[in-house]
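Comments concern the structure below.
Here is how names work: the chains are called A, B, and so on, in the same order as the sequence lines, proteins then strands, and each is numbered from 1. What you are looking at is a predicted structure, and each value in this text was computed from that prediction instead of being measured.
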Amino acid sequence: MSVLVLPAYSPFQFRSVIRSHGWYQLAPFEWDEASGVFRTVERLNSGRGVTLKITGQPEGVAVAARPKLTRHEEQEVAAKVTWMFGLDADFAEFYALADAEPRLAHCRKNAYGRLLRSSSLFDDAVKVMMTTNIQWSGTKRLVSALVDYFGEPLPGDGTRRAFPAAGRIARSRESTLRKMGLGYRAPYLLKLARGVASGQYDLEALKDEARSTEEVRRDLLALPGIGPYAAATLLGILGRYDYIGVDTEAVSAVSQGFYGGEPIGEKDVNAAFARWGRYKALAYWFWDFSGQQQSPMEAWEAKQA
DNA sequence: TTCCAGGGGTAGA
DNA sequence: TCTACCCATGGA
């Protein structure tokens with residue numbers, strides 16, 4: 001076993017990142033609320049699979065990796081975990097704005113802002129695609145099915161698998177994906193996986209901070225199965241908060257909170273948060289609609305339970 | 001049984 | 001740019 005301790009840019013709260021959105025419930029992620037242990041499986045560049053047990057530290061995270069990593073693999077794992085937890089992200093500018101807004105005043109003290117990411121943007125694009133026009137229980141089922149069927153098994157542990165590489169899905173058939181329950185999403189996922197595997201789509205290039213948000217959004221919208229909602233969600237994953245991922249929850253919450261319950265559309269949701277400029281998506285995502293210091297995520301979880 | 005979900009693609013206006 | 005319609009599947 002190897003242990004890495006990775007510092008985070010302050011302020012940082014492990015649990016706030018874990019529960020920033022529903023990803024912690026999707027395979028191969030596992031979260032144990034009682035013990036505060038987060039586990040996942042990663043496939044490294046060498047092809048080796050490793051399990052990561054990640055726990056919160058006062059100002060960062062500790063990563064226990066099995067089996068023992070080489071020095072080179074330690075660097076790779078550190079980079080992956082840094083990305084997944086946004087350890088180097090700085091939200092000072094957002095907090096300065098949020099401090100003056102009662103509905104966002106809880107953000108700084110809870111270190112809200114970081115959104116839990118998968119280690120690669122392909123994984124997150126697939127997961128977002130599996131959230132479209134489906135209930136959350138269905139999303140969990142489909143992602144688990146993809147991991148179980150295509151994921152790389154961990155040597156010596158047949159039960160744990162990493163999220164499948166694009167190439168593994170690319171070599172399958174649409175009929176196989178449909179049988180797994182993906183329905184009409186099957187051809188979209190197949191096209192995305194084949195495009196990524198062939199190099200037609202370079203998703204990791206979208207992490208380039210030098211590119212404009214509009215350009216990145218255009219590239220996201222060009223991907224099969226990625227529309228306005230999915231593109232906005234992925235932009236948030238990429239640390240760009242100019243667009244709100246408008247789903248049925250957003251429409252409902254913003255209608256109640258800002259339009260007196262009147263029927264509204266995607267434009268109205270974005271208009272309600274227009275004054276937050278490049279922090280629109282964060283302002284919406286952590287907005288305390290209930291007035292009880294509760295973000296939409298927490299309200300959504302409470303409704304689930 | 002009917003409706004609809006953390007929507008997207010397409011055609012037609 | 002906006003709207004209407006279709007898309008598979010399972011949960012409510």
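- Between the C1' atoms of C:dT3 and B:dG6, the separation comes to 23 Å (whole Å).
- Nearest to the side-chain atoms of A:T132 among the listed nucleotides C:dC7, B:dG8, B:dG6 stands B:dG8.
- Using a 4.0 Å heavy-atom cutoff across all strands shown, A:L182 reaches no nucleic acid atom at all.
- C:dG10 and B:dG9 are spaced 22 Å apart, taking the P atom of each and rounding to whole Å.
- Legend: residues meeting side-chain hydrogen bond (donor to acceptor under 3.5 Å, both in side chains) with A:D288, ordered by chain and number and at least two apart, are A:S290.
- No side-chain N or O of A:W276 forms a donor-acceptor pair with one of A:E101 less than 3.5 Å apart.
- When the nucleotides C:dA8, B:dG7, C:dG11 are ranked by their closest atom to the side chain of A:S137, C:dG11 comes out on top.
- A salt bridge links A:D99 with A:R108; the closest basic N to acidic carboxylate O contact falls under 4.0 Å.
- For B:dG7, the base has no donor-acceptor partner in the side chain of A:Y188 [N/O atoms by modelled type, under 3.5 angstrom].
- If you measure from atom CD1 of A:I134 to atom C1' of C:dC7, you get 13 Å, rounded to the nearest angstrom.
- No engagement by A:G245 is indicated, since no non-hydrogen atom pair under 4.0 Å with the nucleic acid exists.
- The distance from atom CG of A:L189 to atom C1' of B:dG9 is 16 Å, rounded to the nearest whole Å.
- In this structure, A:E266 places its CD atom 9 Å from P of B:dG8, rounding to the nearest Å.
- Two rings, from A:F94 and A:F286, have their centers 6.0 Å or more apart.
- Of the candidate nucleotides B:dG8, C:dG10, C:dA8, C:dG10 has the atom lying nearest to any side-chain atom of A:Q135.
- Counting non-hydrogen atoms under 4.0 angstrom, A:R141 reaches the backbone sugars and phosphates but no base.
- The residue A:L221 sits apart from the nucleic acid: no heavy atom pair falls under 4.0 Å.
- Among the heavy atoms of the strands, none lies under 4.0 Å from A:A250.
- Rounded to whole Å, the separation between the C1' atoms of B:dC4 and B:dG8 comes to 16 Å.
- OP1 or OP2 of C:dC2 has at least one side-chain nitrogen or oxygen of A:K267 nearer than 4.0 Å.
- The distance between atom NZ of A:K140 and atom P of C:dG10, rounded to the nearest whole Å, is 17 Å.
- Distance alone, capped at 3.5 Å, places no donor-acceptor pair between the A:R66 side chain and the A:M1 backbone.
- Atom CZ in A:R178 sits roughly 13 Å away from atom P in C:dG10 (whole-Å rounding).
- With both ends at atom C1', the span from C:dC7 to B:dA5 equals 14 Å, rounded to whole Å.
- The base of B:dA5 lies outside donor-acceptor range of the side chain of A:D247, with no N or O pair under 3.5 Å.
- Between the side chains of A:Y229 and A:T131, at least one donor-acceptor pair of N or O atoms lies under 3.5 Å.
- One can place CD1 of A:I226 at 17 Å from C1' of B:dT10, the figure rounded to the nearest angstrom.
- As judged by a 4.0 angstrom heavy-atom cut-off over every strand, A:G225 is placed among residues touching the sugar-phosphate backbone only.
- C:dG11 and B:dT1 are spaced 14 Å apart, taking the C1' atom of each and rounding to whole Å.
- Between A:W136 atom CH2 and B:dG7 atom P the separation is 12 Å, expressed in whole Å.
- Straight-line distance from the CE atom of A:M130 to the P atom of C:dA8: 14 Å, rounded to whole Å.
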